[in-house]
Amino acid sequence: MPYQLLSEPIRRYIRDKRWESLRPIQGAAIQHILSSDSNFILASRTASGKTEAAFLPILSKVDFRETGVQVLYISPLIALINDQFYRVEELCKNLDVKVTKWHGEANRTEKKKLVQKPEGIVLITPESIEAMLVNAPYSAKALFSNLKYIVIDEIHSFLGTDRGIHLKSLLARLGAVNKTSFRIVGLSATIGDYSEAKKFTGDEVNTKVLLDRSSREMTTCFRYFESDTQELPLEMVKDLYTQTWNHKVLIFPNSRGRAEEIAVKLLKISQRVGGHPNYFSHHSSVDKEVREYVEHFAKHNRRHNFCISCTSTLELGIDIGSVDKVVQVDATHSIASLIQRVGRSGRREGEKSQLLLYATDKWSLLQSLACWLLYKEGYIEPFRTAEKPYDLFLHQALSTVKERSGCTKDELIATMKSNYAFSEIEDQAMQDILDELIRQDWLEQVHRELIIGVEGERMVNSREFYSVFKTEPSFKVVNAGKPIGEIPLTPQVMEDENILLAARIWKIRFVDFKTKKIEVVPAVDGKKPLFLGGGGTVDAKVREKMLEILYADAQYPELDEEGLDKLAELRKDFAIFPLRDFAKERPVLVKDGQIIFYTFTGTRINRSLAFLLNRLDLKHVYDEQSSSFILSINHDLLQELFEQLSLFIEDVDFHLQHALEDNASLLDFSKWGLMLPLQYKGNILEERFYDFKGVNILLSNMLFVSNNTVSLLRSADKLANPH
DNA sequence: GACCTGCTGCGGACTG
């Protein structure tokens, strides 16, 4: 019995709580964590008690009388730390264990106290670990050199991302200052690739996955309302109102502008028909206090219905109470994201989740359906972890030099080589990058010591140094001294224009460029705000599923009549291509001297294909949503074109470097890549932004089936592989 | 038409 294995204070906690039984993931975690010294990944659906699953055995096992922080909990969000703080403190109530929040908005006095007397449990963000290593390496050592466990919450949010590589490097650096090695426990509801999650601990062999596959029952319904303007169809908004007015709802419309449009329009309808006033918007551009108010409202009210129109800010972790309906407007970019969003409803025991999926366009409907079917099949897209993150190496090398107040180049390289986040980076590359940093005055060689250079000081001492992701500059929006939120400066932002923000309509009175403030007053009608920024990338498997649906006979009872009609229409459009093998064949529409080439593949491959067509100077129209390319060439020349593109792939390094010289903004995805030697800039672009291997496979293995002939085009098999 | 995440140290004003 897992319960019997726990220490007495922890058993007392469970008795006091009157829990009838432990959840499956908790039972498994207690048995395994208490009986072995492995690292663990705990994978189980949202609201299944993962935090307790990790902490019940850890609190039973660890001797908190030792000095130094014993357990470090790492979270991707401040809001999640604040939420978990109460739960962890509650878990510790029968133990004499101090719990401390450590992030940019946490109480400084508490942090100071902890430095004077390092003990207990600390809840922290990756950026705060970075800041501590750089600014106060002695405190970092005093606090974190006797760690027994590191718990990483929402670990999937780090996998395959730059922030994840950063965290991996920080874990390696913490490992280096610890007397004995610590164990890592990662928590997540959505993991597609367990081997990636295991590698994250730096010790794949010694990391075990505890998995509870059970899911909650759910009813799903698709609704189709075609939109031919920028705005959502009025009928759709009305339908959305009737579907949600008497529920506690989260609506995910994929963009901040849309989130505002929906919140404002629903509120208008509600005011007209005398419904409830609790319509909110929640995303990164809404003021923090407004967001906290909304979260608090959702969490603490039981009687009132509400409706929050939001982006991925409400996708992770934070428990916002009882939501009984989740609405997704147009397809999610990933299945992982769909799972997280679905998991936001029916968090109370015995509750059924309800999912409503709107589509405003046929391709969006098809993608939405594909994501839903893949989700039911248990597929989650795998992550691509960068093997050679030269830009993050550069950042961490600077950080390490600053942490040590200087060291020799050999010492630095030895340290970086022992860091498992950079184990695939070649010695020569490390030398080249450090030499470039010296040339650019970011590092300076004084006798045998490397120290931070004049230019480097500015970077290392700026607030921006602690994170590895970029953010857009924005203006504060203020009404009568009260902050509403922040928006980027787009052409739309000028005096007398109306905007939507925080679920209200505003007129811009004054834009102050000096203090970066926008003064607004309430208004009655306005446009949704424009936001900059890139979207997500769609996995190739989703597109393959879309193709499969087009050629299947299956009918989907979840679809409404309009959705079924639209699907039938799409199927009819594609029936002209005699496709048989969906793994190997793709449609090509020949029409009026043009061809439309449907790749049905992931965003990265499409993006790479577009890059190659640009290098070839071939005019084309690339549409990501339908995964297609319109080319004004004769259909007979297609094979020749593919051969040409494949030749370009052989020289892709050359083309990437040339493209970078013409257009430096290609590297916008990387915050710390700007100082890399050109060759390595090309490398990170190739590895993290494009997928030329995928293009090669597409061009060389696929059969392209056109509508007017039965002739099959096969591009040459003999194409050389660039790698 | 397309998301999100985090952040130090110091000086000065103010409060108890």
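A note on names: the letters A, B, ... follow the listed sequences, proteins ahead of strands, and every chain is numbered from 1.
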Rounded to whole Å, the NZ-P distance (A:K101 to B:dG6) equals 14 Å

Rounded to whole Å, NE2 of A:H156 lies from C1' of B:dC3 at a distance of 13 Å

Hits for side chain to side chain contact (heavy atoms under 4.5 Å, CB included) against A:K566, two or more places apart or cross-chain, chain-then-number order -> A:Y224, A:E226, A:K362, A:L365, A:E569

Q.
Looking at B:dC3, I'd like to know if its phosphate oxygens (OP1 or OP2) sit under 4.0 Å from a side-chain N or O belonging to A:S337.
A. no

Rounded to whole Å, the CD-P distance (A:E472 to B:dA2) equals 15 Å

For B:dA2, take OP1 and OP2 only and decide whether either is under 4.0 Å from a side-chain N or O of A:R256.
-> no

Item to complete: Flag yes if more than 12 heavy atoms outside A:K671 fall under 6.0 Å of its NZ atom; otherwise flag no.
Response: yes

Next on the checklist: Counting the atoms with a prime plus P, OP1 and OP2 as sugar-phosphate, which does A:S467 contact under 4.0 Å by heavy atoms, base, sugar-phosphate, or nothing?
Outcome noted: base

Salt-bridge criterion met for A:R543 and A:E624 (N-O under 4.0 Å): yes

For A:H296, the ring-ring contact (aromatic ring centres under 6.0 Å, His included) test, sequence neighbours excluded, returns A:H300

Rounded to whole Å, CD of A:E315 lies from P of B:dC3 at a distance of 13 Å

- Item | Side-chain heavy-atom pair A:Y466, A:N135 within 4.5 angstrom cut-off | yes

Rounded to whole Å, the NZ-P distance (A:K288 to B:dC7) equals 11 Å

Atom NZ of A:K671 and atom P of B:dC4 are separated, to the nearest Å, by 17 Å

- Item | A:T125 vs B:dG6: side-chain N/O to OP1/OP2 distance below 4.0 Å | no

With B for base contact, S for sugar-phosphate-only contact and - for none (protein heavy atoms under 4.0 Å), nucleotides 8-13 of chain B reads BBB---

Comparing nearest nucleotides in DNA chain B, the 5'-proximal residue of the pair A:A79, A:D330 is A:D330

Among B:dG6, B:dA2, B:dC4, the one nearest any side-chain atom of A:T471 is B:dG6

Should the pair A:R688-A:D391 be classified as a salt bridge under the 4.0 Å nitrogen-to-oxygen rule? yes

Is A:F469 stacked on the base of B:dC4, with ring centres under 5.5 Å apart and planes under 30° apart?
no

The nucleotide from B:dA2, B:dC4, B:dG6 with an atom nearest the side chain of A:R258 is B:dA2

Is any N or O donor-acceptor pair between the side chain of A:S312 and the base of B:dC4 shorter than 3.5 Å? no

query: What nucleic acid atoms does A:E464 come within less than 4.0 Å of, heavy atoms only: base, sugar-phosphate, or nothing?
result: base

Here the gap from A:F280 atom CZ to A:C307 atom SG, rounded to the nearest 0.5 Å, amounts to 9.5 Å

(message) If you count every heavy atom of other residues, nucleotides or ligands that lies below 6.0 Å from A:L674 atom CG, does the total exceed 12?
(response) no

A:Q340 atom CD is separated from B:dT5 atom P, nearest whole Å, by 15 Å

From CZ of A:F669 across to C1' of B:dC4 the rounded distance in Å is 18 Å

